[in-house]
Q: 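Handing you this structure, nothing more for now.
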Amino acid sequence: MAHDSDPRLLALHAVRIKGFADDATVARRFGLDRAEVTEHLLDFEAYGFVRRSEFLDLSGWGVTDRGRTANEAQLRDELEETGAGPAVRAAYDRFLAHNERLLRACTGWQLRPQPGDPYAVNDHSDWAWDERVLRDLRDLAGRLREIVAELSGVLTRFAGYDERFEASLRRVDEGDLSGVDKPWEDSCHTVWMELHEDLIASLGESRG
């Protein structure tokens with residue numbers, strides 16, 4: 001039976017994997033109670049685990065080095081207590097096997113090399129070019145579904161990455177081209193990078 005993580009772990013972990021998030025975003029990430037999340041974040045601030053900052057017209061939390069270390073200790077203890085380590089490691093290896101392909105697809109969505117200009121911006125006027133990128137992303141969605149099923153079978157906090165990735169692809173099919181790579185919001189690239197951060201944090205790895 002899959003393990004449900006402690007809400008305090010999830011609140012700190014959500015800040016880690018989102019990078020910068022307000023209380024509502026932290027709560028929404030793992031379906032936590034908003035009021036409880038605010039209490040946890042204020043506690044974490046007192047411990048020096050998170051720091052509130054402002055960016056343009058946004059205000060939110062970011063994890064500190066101390067908080068990163070604390071979160072990795074939480075995750076390490078969770079893997080030891082649940083015995084989920086081998087399954088998470090195996091899923092991480094499968095994820096890495098597809099990582100470069102995802103990065104190439106996102107680059108192909110942003111750039112379409114032209115004679116004399118290998119870094120020409122993709123203006124999305126070439127349907128065939130974009131469709132090749134989307135075929136890769138649709139195939140990766142299937143791979144991701146398998147990886148997430150394996151992960152969420154041991155730790156429920158890994159559930160939903162595949163659904164978010166597929167929802168981003170549907171936005172593209174409906175005409176919203178930002179569904180591939182828009183930062184700070186759910187897109188194929190954002191969801192993939194969050195899972196990458198989730199996995200390396202859980203295993204104490206680095207992006208290297």
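All residue numbers refer to positions in the sequence shown, counting from 1.
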Q: Which atoms form the tightest heavy-atom contact between Arg66 and Gly48, and what is the distance?
A: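 Closest approach of Arg66 to Gly48: CB-O, 3.7 Å.
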
Q: Tell me whether Arg171 is salt-bridged to Asp176, with the criterion being a basic N under 4.0 Å from an acidic carboxylate O.
A: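 Yes, this pair counts.
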
Q: Taking a hydrophobic cluster as the set of Ile, Leu, Val, Met, Phe, Trp and Tyr residues connected by side-chain heavy atoms closer than 4.5 Å, whether directly or through intermediates, do Leu103 and Leu144 fall within one such cluster?
A: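 Shared cluster, yes.
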
Q: Check Thr156 against Asp4 and note the closest heavy-atom contact, atom names and distance.
A: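 Nearest heavy atoms, Thr156 then Asp4: OG1-OD1, 2.8 Å.
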
Q: In terms of side-chain heavy atoms, does Ser168 have a donor or acceptor partner in Asp186 at a distance below 3.5 Å?
A: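 Result is no, nothing qualifies.
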
Q: Just jot down the side-chain contact (heavy atoms from CB on, under 4.5 Å) partners of Arg89, sequence neighbours excluded, or say none.
A: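 Scan of Arg89 (side-chain contact (heavy atoms from CB on, under 4.5 Å), adjacent residues dropped) gives Tyr92, Asp93, Leu203, Glu205.
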
Q: With Asp77, which residues qualify under side-chain hydrogen bond (donor to acceptor under 3.5 Å, both in side chains), at least two apart?
A: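 Checked Asp77 against side-chain hydrogen bond (donor to acceptor under 3.5 Å, both in side chains); zero matches.
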
Q: Using a 4.5 Å cut-off on heavy atoms from C-beta on, say whether the side chain of Asn122 contacts that of Trp129.
A: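 They are in side-chain contact.
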
Q: Could I get the full list of side-chain contact (heavy atoms from CB on, under 4.5 Å) partners for Ser59, not counting sequence neighbours?
A: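 side-chain contact (heavy atoms from CB on, under 4.5 Å) check on Ser59 returns Arg52, Glu54.
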
Q: Hey, what do you get for CG (Leu12) to CD (Glu72), rounding to the nearest 0.5 Å?
A: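 The CG atom of Leu12 sits 10.0 Å away from the CD atom of Glu72.
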
Q: Please tabulate, for the side chains in residues 34-42, all donor-acceptor contacts under 3.5 angstrom to protein atoms that are two or more places apart in sequence or on a different chain.
A:
from, atom 1, to, atom 2, distance (Å)
Thr38, OG1, Asp23, OD2, 2.7
Thr38, OG1, Arg34, O, 3.3
His40, ND1, Arg8, NH1, 3.4

Q: Please tell me if the side chains of Arg112 and Ser125 come closer than 4.5 Å, counting only heavy atoms from C-beta onward.
A: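 They are in side-chain contact.
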
Q: Of all the heavy-atom pairs spanning Ser202 and Leu79, show the shortest one and how long it is.
A: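 Ser202 and Leu79 have their closest heavy atoms at O-CD1, 3.2 Å.
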
Q: How long is the straight-line distance from CE of Met1 back to OG1 of Thr82, given to the nearest 0.5 Å?
A: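 Spacing of OG1 (Thr82) from CE (Met1) equals 13.5 Å.
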
Q: Among residues two or more places apart or on two chains, list those pairs meeting ring-ring contact (aromatic ring centres under 6.0 Å, His included) that have a residue in residues 153-174.
A: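 Every pair satisfying ring-ring contact (aromatic ring centres under 6.0 Å, His included) with a residue in residues 153-174: there are none.
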
Q: How would you list, by chain and number, every residue that makes a side-chain hydrogen bond (donor to acceptor under 3.5 Å, both in side chains) with Arg101, sequence neighbours excluded?
A: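 With neighbours one apart ignored, the set is Asp136, Asp139.
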
Q: Search all heavy atoms of Ser152 against all heavy atoms of Ala149 and return the closest pair with its distance.
A: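 Reported closest heavy-atom pair: OG-O, 3.6 Å.
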
Q: Closer than 4.0 angstrom, basic N to acidic O: yes or no for Arg68 and Glu197?
A: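 Between Glu197 and Arg68 there is a salt bridge, with a charged N closer than 4.0 Å to a carboxylate O.
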
Q: Quick one: closest heavy-atom pair of Ala11 and Val26, and the distance?
A: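 Smallest heavy-atom distance, with atoms named: O-CG1, 3.6 Å.
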
Q: Got a sec, which residues hit side-chain contact (heavy atoms from CB on, under 4.5 Å) with Asp181, two or more places apart in sequence or on another chain?
A: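 Applying side-chain contact (heavy atoms from CB on, under 4.5 Å) to Asp181 gives Trp109, Gln110, His189.
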
Q: Indicate yes or no: at least one non-hydrogen side-chain atom of Leu96 is less than 4.5 angstrom from one of His196.
A: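 Heavy-atom side-chain distance check passes, below 4.5 Å.
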
Q: When rounded to the nearest 0.5 angstrom, what is the spacing between CD in Glu45 and OG1 in Thr64?
A: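 Here the interatomic distance stands at 10.5 Å.
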
Q: Could you pull out all residues at least two apart from Ser5 that satisfy side-chain contact (heavy atoms from CB on, under 4.5 Å)?
A: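 Partners of Ser5 by the side-chain contact (heavy atoms from CB on, under 4.5 Å) criterion, ordered by chain and then number, come out as His3, Leu9, Leu10, Glu78, Arg157.
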
Q: Which residue is it: Ile200, Leu151, Ile17? I am looking for the one with a side chain to side chain contact (heavy atoms under 4.5 Å, CB included) to Leu195.
A: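 Answer to the side chain to side chain contact (heavy atoms under 4.5 Å, CB included) test with Leu195 among Ile200, Leu151, Ile17: Leu151.
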
Q: Looking only at heavy atoms, which two atoms of Ala201 and His13 are closest? And how far apart?
A: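 In this case the closest contact between Ala201 and His13 is CB-CE1, 4.0 Å.
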
Q: List in chain and number order the residues that pass side-chain hydrogen bond (donor to acceptor under 3.5 Å, both in side chains) with Glu146, two or more places apart in sequence or in another chain; answer none if no residue qualifies.
A: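 Only Arg94 meet the side-chain hydrogen bond (donor to acceptor under 3.5 Å, both in side chains) criterion with Glu146.
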
Q: Tell me, please, which residues at least two apart from Asp173 pass side-chain hydrogen bond (donor to acceptor under 3.5 Å, both in side chains).
A: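 For Asp173, the residues satisfying side-chain hydrogen bond (donor to acceptor under 3.5 Å, both in side chains) (neighbours in sequence not counted) are Arg138.
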
Q: Any side-chain heavy-atom pair from Ile147 and His98 closer than 4.5 angstrom?
A: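 In contact.
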
Q: Are Leu177 and Leu111 connected into the same hydrophobic cluster when the rule is that any two of I, L, V, M, F, W, Y join if their side-chain heavy atoms are below 4.5 Å apart?
A: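 Cluster IDs for Leu111 and Leu177 differ.
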
Q: Assess whether side-chain hydrogen bond (donor to acceptor under 3.5 Å, both in side chains) is satisfied between Gln74 and Asn71, documenting all intermediate values.
A: CA-CA 5 Å; Gln74 292 174 321; Asn71 182 228; 3.1 Å; yes

Q: How long is the span from the OG atom in Ser187 to the CD atom in Glu194, to the nearest 0.5 Å?
A: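 One finds 9.0 Å between OG of Ser187 and CD of Glu194.
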
Q: Can you list the residues that meet the ring pair (Phe, Tyr, Trp, His ring centres under 6.0 Å) rule with Trp192, with sequence neighbours excluded?
A: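 Counting only residues at least two positions away or on another chain, Trp192 forms a ring pair (Phe, Tyr, Trp, His ring centres under 6.0 Å) with Phe95.
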
Q: Thr190 versus Glu185: any side-chain heavy-atom pair under 4.5 Å?
A: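 No, their side chains stay 4.5 Å or more apart.
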
Q: Rounded to the nearest 0.5 Å, what separation is found between the CH2 atom of Trp61 and the OG1 atom of Thr25?
A: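 Between atom CH2 of Trp61 and atom OG1 of Thr25 there are 13.0 Å.
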
Q: Roughly how far, to the nearest 0.5 Å, is SG of Cys188 from CG of Leu102?
A: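 Answer for the CG-SG pair, Leu102 versus Cys188, is 7.5 Å.
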
Q: Any salt bridge between Glu166 and Arg145, counting N to O under 4.0 Å?
A: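 Result for this pair is yes, salt bridge flagged.
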
Q: Checking Phe20 now: which residues fulfil ring pair (Phe, Tyr, Trp, His ring centres under 6.0 Å) with it, not counting sequence neighbours?
A: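 Counting only residues at least two positions away or on another chain, Phe20 forms no ring pair (Phe, Tyr, Trp, His ring centres under 6.0 Å).
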
Q: Do Leu169 and Leu134 touch side chain to side chain, with heavy atoms closer than 4.5 Å?
A: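 They are in contact (side-chain heavy atoms under 4.5 Å apart), so the answer is yes.
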
